[in-house]
Amino acid sequence: MTSLEDRIRNAAVEAIKDLYSQECPLNTIQVQKTRKDLSGDFTLVVFPLLRISRKNPVQTGEDLGGYILAKLQDIEKFEVVKGFLNFTAKETYWIQFLNNVLDQSPYGFVKPEKGTAPVLVEYSSPNTNKPLHLGHIRNNLLGYAVSKLLMATGKPVKMVNLVNDRGIHICKSMLAWQRWGDGITPEKSGMKGDRLVGDYYVRFEKEYQHEVTELQSQGLSKEEAAKKAPMLLDAQEMLRKWEAGDSEVTALWEMMNQWVYTGFDTTYKSLGIAFDKVYYESQTYKMGKQLVLDGLEAGVLYKKDDSSVWADLTDSGLDEKLLLRSDGTSVYMTQDLGTAHQRHEEFGFQNHVYVVGNEQNYHFKVLALILKKLGFDWAEQLHHLSYGMVELPDGKMKSREGKVVDADELIEEMVENARQVSKDLGKLDGFEEKEKEEINYRIAMAALKYFILKVDPVRTMLFNPKESIDFNGNTGPFIQYTYVRIKSVLRKAEDLNISIPQTVSLDVQVNEQEIQLIKLVYSFPELLQEAGRQYSPALLANYLYELVKAFNQFYQHSTIINEENSELRGFRLSLASFVARHIQDGMRIMGIEMPERM
RNA sequence: GGACCAGUAGCAUAAUGGAUAGUGCACCUGAUUACGGAUCAGGAGGUUGGGGGUUCGAGUCCCUCCUGGUCCGCCA
C-alpha cells in the first residue's frame with residue numbers, strides 16, 4: 001500500500017499540472033509530519049511552490065488543499081497556516097493502518113534480501129594487555145547495535161573483531177609477569193585473566209618510571225632516559241624474539257593472551273555481544289606489503305633513499321604517509337590496507353563499517369585515499385563510524401593515572417544498584433533468587449546500554465555514574481517498565497478469558513491518545529531506515545522513548561480491561577499487545593532484553 | 001604551525017534548511033483507596049559560544065573569531 005504521504009505528493013504534482021499547467025518534479029514536494037502542537041497529520045510545505053503558482057502562500061495552499069482533499073478519500077480536512085498546508089487524515093485511516101500492521105512481527109523490519117553482499121561491521125578491537133573499560137563499552141554497544149540496526153533494515157551483516165594481540169604493549173605485560181609474577185595464574189589468584197595481565201602492564205609502567213627517574217638523576221635528559229631505560233630495551237628485545245618466533249616467548253605470549261581472551265569472553269557475555277569472525281593482528285600485521293609493492297610498481301607510491309615507501313597525499317591536502325619502513329616491514333596503515341583488501345576478496349562486502357573512536361579520523365581518511373590510489377573503487381564503500389570519547393564528571397579517563405572505569409566493575413555496580421531499587425520498591429518480593437537476579441541484570445543492562453546508545457555517536461559524551469543509574473525519565477528501565485505493565489494487563493486479560501482480536505473494528509470511537517500512539521507507530525518504518533542510513537541507534541532510542549511516553553499517556557487516560565464496550569476493549573488490547581511487541585523488537589536492536597515483571 | 005570534530009536552560013540531551021527550539025534530571029504545584037504510581041497532568045527555566053552572510057525561511061549551509069577535544073610517529 002502506498003503511504004498517505006506519497007499519495008499526497010503524487011496528488012500535489014497532479015494538482016500543479018491541472019491548476020497551474022506546470023510540470024513539477026515529485027521530489028520538490030515536501031511532505032512532513034505536522035508539528036504536534038498544531039492540528040493535522042501531514043504538512044505540505046507551500047513556500048517552494050510559490051514560484052510555480054505565482055500566488056501568495058495562503059492562496060496556493062487553499063488551491064492545492066481543495067484539489068487534494070477531493071482526490072484522496074483518506075483525508076478528512078485541510079487547513080492553511082501561513083505557508084503550511086496541513087492535512088488531517090480520517091480516523092478510519094489510522095485504524096485501518098493499525099489493522100494492516102497488527103500481525104507484522106517484527107513490525108517495520110525489512111527482511112534481508114538473499115544473495116546480496118554483506119555489510120561488514122568491525123568493532124570492539126581490543127588490545128590484549130589490559131581489561132576493557134568504559135570507552136570499549138561504548139564501542140561494543142555501538143558496534144552491536146549498528147549491526148542489528150542494519151540487519152533490521154534488510155542488510156545482511158557480518159560482525160567482525162580485530163584483536164590487537166601483538167606488539168610492545170603486550171610484551172610489557174609479559175616482561176613484568178616474568179619478573180614479578182612468581183608463576184601466578186588466574187586460577188591461583190582467583191582473578192579474571194584480563195585483569196591479571198592488566199595489573200602487570202601497570203606494574204611495568206611503574207617500574208619503568210622508576211628507571212627513567214633513576215637515569216635522569218644520573219644526568220640523562222627525560223627523552224634519553226625514556227629511550228634507554230633497561231626495561232624498555234628488554235621489552236623491545238622480547239618483541240624481536242617474538243617476531244623471530246622464539247619458542248619460549250611465543251609460549252608465554254600464547255598463555256597470557258589466552259588468559260585475556262577468557263576474561264574478555266566473560267565481559268562480552270555480560271554485554272551480550274558476539275562476533276561472526278575474529279581476526280588477530282598477529283596473523284595480519286604483515287599483510288598489505290604486496291599491495292604496497294604493486295602500488296610502487298604502478299608508480300602511485302614512491303620510495304625514498306633509505307628505501308622506505310610512502311604515499312604522497314599532498315594533492316588531497318594531507319601529508320605524506322609511510323607504508324613500509326626502511327627495513328621493509330609493514331606499519332599499522334599497511335596492515336589495514338591488507339585486511340580491507342582481504343575482506344573484500346573474502347566477502348565482497350557492499351559496505352565496510354569501522355566502529356573506531358574519533359581520534360582515528362585521520363587514519364581512516366588516509367586509508368580510503370590510499371586504497372583509491374591503488375585503484376580499488378570499493379574504497380568508497382568504507383565507512384568510519386567515528387564516535388566521541390566518554391568523559392567522566394571530573395574529566396577524561398586516563399589509563400596511566402588509573403582513572404578508568406573498568407567495564408566489569410561498572411556492570412556489577414549497575415546490577416547492584418538495580419538490586420537496591422528493586423528491593424526498596426519491594427516489587428520482586430516472593431520471587432526466586434535466580435529470577436530476581438535475571439531481572440535485576442536486565443534492568444541494569446538496560447540502564448547502561450540505553451544511557452550510552454541514546455546519545456548521538458559523534459558526540460563526546462559525559463558519563464555520570466549517578467545519573468546513568470537513574471531509572472526514571474528517558475532511560476532504559478522506564479521503557480522496560482512500560483513493557484512490563486502492558487504484559488501485566490495482557491496476563492490479566494488472559495486470566496479473564498478475554499481474547500485479543502486479530503483485527504479491530506473500524507467503527508470504534510478512538511480518543512486522542514490512541515490516535516497519537518498509532519501515528520507514532522506509523523512513522524516507525526521510515527525512522528528505522530533513517531537510523532540505518534545514519535548508523536545511529538540514538539534515533540531509535542529516542543523513538544522508543546517517545547513511543548512509551550505516548551503509551552503511558554494513553555494508559556493513564558483510558559481503561560483497557562474494564563472498558564465496557566467490548567469492541568473498544570478489543571481495540572485497546574490489540575493496540576497494547578502490538579505496542580509491547582514493538583517495544584521489545586526495537587529494544588532488542590540495541591541489545592536490551594525485556595523482563596516480564598520488574 | 002596545519003587539519004578534523006564539537007559547542008543548544010544549572011546539568012544531560014533532541015530537532016530530513018521549515019512554523020512558537022523539543023525532552024529528561026534537578027526544582028515547584030496537582031492527580032491514585034491503582035487494568036502495576038518505577039505513572040500521569042501542570043509550572044518555572046533559552047539571545048542555540050560571539051559576529052557577519054546565503055535563503056521566502058538558519059540550531060542546521062558559508063565566512064570569521066572564541067572555547068574545548070582529537071589527530072598530524074619508521075607506535076597500534
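Small disclaimer: the values here were computed from a predicted structure and weren't measured. Below, chains carry the letters A, B, ... as their sequence lines are ordered, and counting in each starts from 1.
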Going by 5.5 Å between centroids and 30° between planes, is there a stack of A:F478 over B:A38? no

With a 4.0 Å limit, can you tell me whether A:N552 has a side-chain N or O closer than that to the phosphate oxygens OP1/OP2 of B:C40? yes

Report yes or no: is the ring centroid of A:Y362 under 5.5 Å from the six-membered base ring centroid of B:A3, with the two planes under 30 degrees? no

Quiz item: A:Q556 side-chain donor-acceptor pair to B:U39 base, under 3.5 Å: yes

Under-4.0 Å salt bridge between A:K492 and A:D495: no

Can you find a side chain N or O atom of A:R459 that sits less than 4.0 Å from OP1 or OP2 on B:G7? yes

Are A:Y332 and B:A76 close enough that a side-chain N or O sits under 4.0 Å from OP1 or OP2? no

At under 4.0 Å, does any side-chain N or O of A:R325 touch on OP1 or OP2 of B:G73? no

Side-chain donor or acceptor of A:T34 under 3.5 Å from a matching atom on the base of B:A19? no

Work out how far the P atom of B:U8 is from that of B:G50, and round it to whole angstrom. 10 Å

Establish, with yes or no, whether the OP1 or OP2 oxygen of B:A38 is under 4.0 angstrom from a side-chain nitrogen or oxygen of A:Q480. no

Once you apply a heavy-atom cut-off of 4.0 Å, does A:Q30 come out as touching a base, just sugar-phosphate, or nothing? base

Could you work out which one of B:C35, B:A76, B:A19 sits closest to the side chain of A:T43? B:A19

A:F431 six-ring face occupied by A:R597 cation (under 6.0 Å, within 45°): no

Can you see if the side chain of A:R491 gets near the phosphate of B:G36 - specifically, an N or O under 4.0 Å from OP1 or OP2? no

Distance between the C1' atoms of B:G59 and B:U20, in whole angstroms? 15 Å

Output yes when at least one side-chain N/O atom of A:K82 is less than 4.0 Å from OP1 or OP2 of B:U20, else no. yes

Would you mind telling me which of B:A3, B:C72, B:C35 lies closest to the side-chain atoms of A:K365? B:A3

Which residue in the set A:Y545, A:F551, A:Y450 passes ring pair (Phe, Tyr, Trp, His ring centres under 6.0 Å) when paired with A:F478? A:Y545

Do A:Y545 and the base of B:U23 stack face to face, with centres under 5.5 Å apart and an angle between planes under 30°? no

Do A:K304 and A:W310 form a cation-pi contact, if we require the NZ or CZ to be under 6.0 Å from the six-membered ring centre and within 45 degrees of the ring's axis? yes

Given B:A21, is OP1 or OP2 found less than 4.0 Å from the side-chain N or O atoms of A:R35? no

Integer angstrom distance from the P of B:U64 to that of B:C5: 14 Å

With C1' as the reference atom in both, quote the distance from B:G36 to B:G42 in angstrom, rounded to an integer. 24 Å

Report yes if at least one side-chain N or O of A:N472 is closer than 4.0 Å to OP1 or OP2 of B:U39; otherwise report no. yes

Going from CG on A:D41 to CG on A:L4, what distance comes out if it is rounded to the nearest 0.5 angstrom? 8.0 Å

B:A9 to B:G49 separation - C1' atoms, rounded to the nearest Å: 14 Å

With hydrogens left out and only the distance checked, is there a donor-acceptor pair under 3.5 Å joining A:K427's side chain and the base of B:G36? yes

